[in-house]
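Since this is a predicted model, take the numbers as computed values, not measurements.
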Amino acid sequence: DQQVKQNSPSLSVQEGRISILNCDYTNSMFDYFLWYKKYPAEGPTFLISISSIKDKNEDGRFTVFLNKSAKHLSLHIVPSQPGDSAVYFCAASPLTISNFGNEKLTFGTGTRLTIIP
Amino acid sequence: KAGVTQTPRYLIKTRGQQVTLSCSPISGHRSVSWYQQTPGQGLQFLFEYFSETQRNKGNFPGRFSGRQFSNSRSEMNVSTLELGDSALYLCASSLGFPRGNTEAFFGQGTRLTVV
């Protein structure tokens, strides 16, 4: 049962344009969401996160939008650059009573983004 | 400061053997999580340790186990290896608390091949 879904396995975008990566989740207990970027032969690198109390978080060229009612989040990259070519993973963390960290991350299967020069 | 270090980077084992993978977290981080990455399955959560205690566990058989030492370094062990255990095993470290400020930092992973 895939609780975090990235339905587009791949995406190609022209350099300078906007890249939009989508992620859907089914578990209503998820309340913290993260995006990671992964290059081949490297571990995932944290990009940006959002808590369920927000609907938008921005960091430079990266913006994450959260639509809780639709259980959907998206990552916008603008403008897209060739170095953005990588696999992007969406991850989610559930609410925990203890208020300890969000270490039990559930990941989507990833979207391979290719930026065309 | 140094990142998350995983050893070895590559490993080839035969079916039925057992294997131990090692992870040294970022200095000051007390939480270590382990993930298995296979093609088409993404990253699957194995378990998480915080201050030498297993705090979270994923849906993997008992052949997969782990532990954490007092210096926060962690090991994971897979016994009676199966061909399907071939994967990239990733370790992630984080502060562990408070919530909302503990994005996980990943190591480069250990590529395990079972033949």
- [ ] Sort out for me which residue in Ser74(B), Ser31(B), Ser33(B) forms a side chain to side chain donor-acceptor pair (under 3.5 Å) with Glu48(B).
- [x] Ser31(B)
Task: Residue Leu43(B) versus chain A: region with a heavy atom under 4.5 Å - done: both
Task: Residue part contacting chain A, namely of Arg111(B), when any heavy atom lies under 4.5 Å - done: neither
TODO: Output the option from Ala92(B), Gly109(B), Gly42(B), Cys91(B) having the highest count of non-hydrogen pairs under 4.5 Å with chain A.
DONE: Gly42(B)
Task: Max heavy-atom pair count under 4.5 Å with chain B, selected residue of Pro9(A), Gly43(A), Ala91(A) - done: Gly43(A)
TODO: Scan side-chain atoms only and decide if Asn77(B) and Thr20(B) contain a donor-acceptor pair under the 3.5 Å cut-off.
DONE: yes
TODO: Pick one of side chain, backbone, both or neither for Gln6(B), based on which atoms fall under 4.5 Å of a heavy atom in chain A.
DONE: neither
Task: Pairs flagged by salt bridge (Lys or Arg N to Asp or Glu O under 4.0 Å) wherever residues 80-90 of chain B is involved - sequence neighbours left out - done: Arg63(B)-Glu82(B), Arg63(B)-Asp85(B)
Open item on the list: Can a side-chain donor-acceptor contact be found between Arg17(A) and Ser80(A) if the only test is distance below 3.5 angstrom?
Closed with: no
Open item on the list: Name the residue from Lys5(A), Gln2(A), His72(A) that meets the side chain to side chain donor-acceptor pair (under 3.5 Å) definition with Asp24(A).
Closed with: His72(A)
